[in-house]
*Asks:* 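Sharing a structure here in structure tokens format.
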Amino acid sequence: MNINNTLFIGKVVHNYNELPSTNVYAQDLLSKSLPIEGTVITTFNQTAGRGQIGSKWISEADKNISLSIILYPHFLVPKEQFILHTVSSLAVSDLLTKYLEDAVKVKWPNDIYIKDRKTSGILTQNSISTTKINYSIIGIGLNVNQTDFPSTIPNPTSLKLAAKRDFNLETLVSELCLCVEHRYLQLKSGQQNSLKNNYLERLYKLEEPAWYQRADGSKFYGTIKGVDSMGRLIIELNGHLEYFQIKEISFLD
Amino acid sequence: MTFKEIQELIKLINRSNLTEFKLKDKEFELTIKTNKQDKTKTVVQQIPSVAAASPVMPMPAVQQPVAPAAPAPAPAASKAAPAAPAAEKVEDESKYLAIKSPIVGTFYRSSSPEKGPYVKVGDKVEVNQVVCIVEAMKLFNEIESEISGTIVKVMVEDAQPVEYDQVLFLVDPS
């Protein structure tokens with residue numbers, strides 16, 4: 001597979017017919033060598049993809065894209081890492097927006113939704129020490145041509161279901177790399193504020209009152225107002241603001 | 001008030017002879033009661049007032065016993081007793097180095113539930129060795145040690161929240 005449209009992402013591509021996990025492969029590569037920045041690992045048949053610790057990403061063979069990109073954002077300190085989610089989720093939504101009229105939204109922190117359904121999940125793995133991010137692996141799973149999903153997955157969709165046509169996976173990989181590169185260069189050139197603003201513009205349920213559930217099971221009605229610099233979700237309820245980390249809240253509708 | 005400030009306050013109160021401490025302002029009320037009889041329990045309650053306008057920080061429950069209080073005046077029978085064991089213990093730990101969390105997040109000792117921990121008490125660690133994962137908002141961070149030595153204590157339970165700069169491991173550099 002050749003990716004010719006970019007400056008540095010995808011100049012080295014490790015492409016496999018099948019892989020357990022592109023992120024695990026990337027980690028392995030990093031433990032044994034020093035891959036150049038922008039190295040891409042991709043497969044259309046990922047057999048053991050991961051979501052959050054303990055949860056799995058299920059994908060049908062040869063219908064979807066699994067892609068990991070190795071970056072070295074040495075210019076970021078560990079506390080600023082949420083901006084990497086901003087880069088990756090904007091890149092994926094940029095790609096989808098190109099083909100769809102439906103609203104493409106980023107569900108906090110980094111799931112990509114077409115209307116009310118999830119079409120992409122992103123898993124970022126960093127290596128950090130006190131003052132520095134040593135490397136970052138951005139792992140993107142994108143549902144493309146799959147139309148049947150197991151009923152155990154709550155609300156899936158794919159590009160095909162939304163656009164009502166098939167897509168060429170290799171073309172999409174190449175376009176996705178270009179989208180990530182564009183957003184990453186925006187970050188490197190110091191445009192953090194415009195990235196944050198673009199992220200907010202696409203944030204799912206921003207300013208829409210909705211029901212949420214806390215980790216203890218209690219439910220409340222509130223309105224998403226934004227995301228703070230640490231990446232915590234800001235929700236207004238009963239006239240005051242609360243800040244949530246990932247395990248402290250779930251969306252109810 | 002930050003979690004750290006509350007921790008500091010608990011330490012101060014424990015070193016004092018106070019049995020109860022109350023602090024109240026517009027935003028919240030804090031009550032700390034100490035049980036000086038058995039010197040192991042510290043009960044902390046933080047009650048956000050209804051009208052609180054400031055962001056409510058997620059507050060991990062303070063359950064673990066904090067540093068033991070200074071010994072109460074010893075009864076006559078034991079006045080010849082040497083230095084308190086508690087003080088010795090503190091001295092011991094001071095020769096250890098700490099591996100701290102560079103970010104706020106959730107602490108994991110292994111990369112997935114099926115796998116064993118990256119490091120255990122007694123293990124040797126090298127500079128740049130991965131010792132744990134801290135997850136923040138679905139960003140998974142492998143934490144690399146910047147020191148070498150032997151792990152003597154794991155300071156946080158698996159899957160618990162950690163604060164910025166919180167000590168995760170104590171390492172004996174010798």
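A note on names: the letters A, B, ... follow the listed sequences, proteins ahead of strands, and every chain is numbered from 1.
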*Asks:* Are B:Glu142 and A:Asn126 linked by a side-chain donor-acceptor pair shorter than 3.5 Å?
*Replies:* no
*Asks:* Could you give the distance from CD1 (B:Ile103) to CD (A:Glu80), rounded to the nearest 0.5 Å?
*Replies:* 12.5 Å
*Asks:* What I'd like to find out is whether the side chain of B:Phe140 reaches to under 4.5 Å of the side chain of A:Thr124, using heavy atoms alone.
*Replies:* no
*Asks:* Test A:Asn110 against B:Lys138 for side-chain contact (heavy atoms from CB on, under 4.5 Å), laying out the working first.
*Replies:* CA-CA 8 Å; A:Asn110 65 346; B:Lys138 275 169 88 178; 3.4 Å; yes
*Asks:* Are more than 12 heavy atoms, taken from residues, nucleotides or ligands other than A:Lys79, located less than 6.0 Å from that residue's NZ atom?
*Replies:* no
*Asks:* Quick one: CG on B:Asn128 to OG on A:Ser129, what's the gap to the nearest 0.5 Å?
*Replies:* 7.5 Å
*Asks:* What's the shortest heavy-atom distance between A:Phe244 and B:Met137, and which atoms?
*Replies:* O-SD, 4.5 Å
*Asks:* So does B:Glu157 have more than 12 non-hydrogen atoms from other groups sitting under 6.0 Å from CD?
*Replies:* no
*Asks:* Is there a side-chain contact between B:Glu144 and A:Ile128 (heavy atoms, below 4.5 Å)?
*Replies:* no
*Asks:* With respect to B:Glu135, which candidate in A:Gln125, A:Gln245, A:Lys247 satisfies the side chain to side chain contact (heavy atoms under 4.5 Å, CB included) definition?
*Replies:* A:Lys247
*Asks:* Using non-hydrogen atoms only, which part of A:Asn238 is less than 4.5 Å away from chain B: side chain, backbone, both, or neither?
*Replies:* neither
*Asks:* Just jot down the ring-ring contact (aromatic ring centres under 6.0 Å, His included) partners of A:His74, sequence neighbours excluded, or say none.
*Replies:* A:Tyr72
*Asks:* Quick one: pull up CG in B:Leu139 and CD in A:Gln81 and give me the separation to the nearest 0.5 Å.
*Replies:* 4.5 Å
*Asks:* Check whether A:Pro109 gets within reach of chain B through its side chain, its backbone, both or neither, counting any heavy atom under 4.5 Å.
*Replies:* side chain
*Asks:* Quick check against the 3.5 Å criterion: does B:Glu146 have a side-chain atom that pairs as donor or acceptor with the backbone of A:Thr130?
*Replies:* yes
